[in-house]
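Contents: one structure, followed by commentary.
Here the structure is a predicted model, which is why all the values come from computation and not from measurement. Position 1 is the first residue of the sequence; numbering continues from there. Atoms within each ligand, like the ligands themselves, are counted from 1 in listed order.
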Amino acid sequence: MFGNIYKGKKVIVTGNTGFKGSWLTTWLLELGANVVGISDCVPTTPSMFEELKLREKIKYYELDIRNFEQLKEVIVAEKPDFVFHLAAQAIVSTSYSNPLETIQVNAMGTAHVLESLRALTNNCVAIMITSDKCYENVEWCWGYKETDALGGKDIYSASKAAAEVIIHAYQKSFFADENGNVKIAVARAGNVIGGGDWAKDRIVVDCVKSWSNGEVVEIRSPSATRPWQHVLEPLSGYLALGQDISSDNSLHGEAFNFGPRAEQNRTVLELLEDLSKFWHFDNANEAYSVVENRPFNEAGLLKLNCDKALFSMKWQATMNYKSTVSFVSKWYYSFYKEKKNMFDLTIGQIKEYSEMACEQELKWTK
Ligand SMILES: NC(=O)c1ccc[n+]([C@@H]2O[C@H](COP(=O)([O-])OP(=O)(O)OC[C@H]3O[C@@H](n4cnc5c(N)ncnc54)[C@H](O)[C@@H]3O)[C@@H](O)[C@H]2O)c1
């Protein structure tokens, strides 16, 4: 997988205690990498980080990326071969209650990572993770391309667009030399689902928490359509980008969208219907009730055009909607009802996902 490029390499993952960071850490461990995590805390209880006992499997620095001096000291001391920057205030609703903190973490925190990379003397590839929400959402039906305008009507989106502008400026100002020691690329993905997420205000998380307690979940936007994708999809894109940029200078400074297949678009209601089937309810009323109420202004349909990743990296999404739902349900059901070893189960899902990608002969599986 990934040309074995991560085997024995030092890989820093910022935001390693979060949802995506925990999956990425687990996959990197499976690929033989030495993972160094940087996060300010373990953001949820339960957390995938603790449930998989990742603390024992990596080197972990608990620090706030707003603290530039500390961050730089760690990054310079660790001399990473790769950095995946995921640390962020990632919750849209929190960006309404804590706008300044969101901007400080997402925009200035990203600047601090970049400024720390400037101090490195070893070769390093950095993949900067932003979001589909960095695009100015004009609520159209077409997928957003990497060249579309950045922007954001809410603070979370704006903070991610700001991070993008900062990354671009750093790349042009300080890392422009193709033969320089630091190479950077940006990865943009949309809402992801998967086992191990316990962040607030995420619909799947709200459901499995309620269902595990035998409670009915309330749905606020049943007809909202989202391109649901499993967390492993963008992660395969991030890892493939890290591999490709290591050998292909033309990708240096480029941004890439990593989205699901078009057929994955489903309403919230459809998703919940399908997820609830795994929880053996007698009827839907036991699982959810619809409450039409949108407490804050979250953007409508936002689709990514992933032609660039297909063209330049031969990357495309692997899973269909059915297997996505099955992976998510099995993970949470195993956690709540079967009390399985979640590290083994997660590794099992990573292997199953990789086998599906192998069957499709995706380039990163070589
Ligand atoms: N989950 C999604 O659907 C989604 C969609 C698009 C983009 N993203 C982006 O992917 C990345 C990871 O998202 P996630 O869902 O895993 O988020 P998460 O909330 O589960 O995890 C966030 C991580 O960042 C860390 N963090 C937050 N503030 C920090 C600070 N000041 N200093 C150091 N660490 C800090 C947290 O401790 C945690 O490890 C984020 O950049 C997010 O914006 C996520």
Looking at atom 35 (C) of ligand 1, what's its closest protein heavy atom, distance included?
Asp40 OD1, 3.2 Å
Identify the heavy atoms of Leu120 and Ile75 that sit nearest to each other, and give their distance.
CD2-O, 3.6 Å
For the 3.5 Å polar cut-off, considering only N or O atoms, please tell me whether Ser39 and ligand 1 meet it.
yes
Check against salt bridge (Lys or Arg N to Asp or Glu O under 4.0 Å), Glu115 and Lys72:
CA-CA 8 Å; Glu115 187 61 24; Lys72 181 178 163 191; over 6 Å; no
Taking the side chain as C-beta and beyond, is there a heavy-atom pair between Thr324 and Gln229 under 4.5 Å?
no
Polar contact flag for Phe19 and ligand 1 (N/O pairs, less than 3.5 Å)
yes
What pair of heavy atoms forms the shortest contact from Leu275 to Val328, and how long is it?
CD2-CG1, 4.0 Å
In this structure, atom 39 (O) of ligand 1 is nearest to the protein heavy atom Thr17 OG1, 2.7 Å
Residue, atom and distance of the protein heavy atom nearest atom 22 (C) of ligand 1 read Ala88 O, 3.6 Å
Less than 3.5 Å between some nitrogen or oxygen of Cys41 and one of ligand 1, yes or no?
yes
Can you tell me if Arg202 has a non-hydrogen atom under 4.0 Å from ligand 1?
yes
So which heavy atom in the protein is nearest atom 6 (C) of ligand 1, and how far is it from that ligand atom?
Ala189 O, 3.2 Å
Considering non-hydrogen atoms only, spot the tightest contact between Leu362 and Thr365 and give its length.
O-OG1, 2.6 Å
At less than 4.0 angstrom from any non-hydrogen atom of Ala87, what atoms of ligand 1 do you find?
24 (O), 34 (N), 35 (C)
Counting non-hydrogen protein atoms only, what is the nearest one to atom 40 (C) of ligand 1? Give residue, atom name and distance.
Leu86 O, 3.1 Å
Under 3.5 Å between some N or O of ligand 1 and some N or O of Gly18?
yes
Compute the shortest N/O to N/O distance between Tyr156 and ligand 1 and return yes if it is under 3.5 Å, no if not.
yes
Examine the proximity of ligand 1 to Ile91 and report which part, side chain or backbone, both or neither, has a heavy atom under 4.0 Å away.
neither
Just so I know, are the side chains of Ile347 and Lys351 near enough to count as touching, which here means a heavy-atom distance under 4.5 Å?
yes
Below 3.5 Å, N or O to N or O, backbone or side chain included: is there any such pair between Val105 and ligand 1?
no
Quick check: is Leu28 connected to Val113 through a chain of hydrophobic side chains (ILVMFWY, heavy atoms under 4.5 Å apart)?
no
Does only the side chain of Lys133 get under 4.0 Å from ligand 1, or the backbone, or both, or neither? Count heavy atoms.
neither
Nearest protein heavy-atom contact for atom 9 (C) of ligand 1: which residue, which atom, what distance?
Thr130 O, 3.6 Å
The residue among Phe281, Phe278, Tyr336 that forms ring-ring contact (aromatic ring centres under 6.0 Å, His included) with Trp211 is Phe281
Evaluate Asp244 against Lys363 for salt bridge (Lys or Arg N to Asp or Glu O under 4.0 Å), listing each step before the verdict.
CA-CA 10 Å; Asp244 285 3; Lys363 190 182 133 209; 3.1 Å; yes
Pair Tyr60 + Phe49: ring centers closer than 6.0 Å
yes
Below a 4.0 angstrom heavy-atom separation, can you tell me which part of Thr44, side chain or backbone, both or neither, approaches ligand 1?
neither
Which residue supplies the protein heavy atom nearest to atom 23 (C) of ligand 1, what is that atom called, and how far is it?
Gly15 CA, 3.6 Å
ring-ring contact (aromatic ring centres under 6.0 Å, His included), paired with Trp364, selected from Tyr6, Tyr238, Trp27:
Trp27
For Leu63, the ligand 1 atoms whose distance to one of its heavy atoms is below 4.0 Å:
32 (N), 33 (C)
Lys57 to Phe343, cation-pi by 6.0 Å centre distance and 45° axis angle:
yes
Can you check whether Asp64 has an N/O within less than 3.5 Å of an N/O in ligand 1?
yes
Selected option - heavy-atom contact closest to atom 4 (C) of ligand 1, from His112, Met48, Lys160, Lys20:
Lys20
For atom 5 (C) of ligand 1, which candidate among Gly190, Gly109, Ala163, Gly37 holds the nearest heavy atom?
Gly190
How close does the nearest protein non-hydrogen atom get to atom 17 (O) of ligand 1, and which residue and atom is it?
Ala90 CB, 3.5 Å
Validation row: Gln316, Arg261 side chains within 4.5 angstrom (heavy atoms):
no
Do Leu54 and Ser22 have side chains that approach each other closer than 4.5 Å (heavy atoms only, starting at C-beta)?
yes
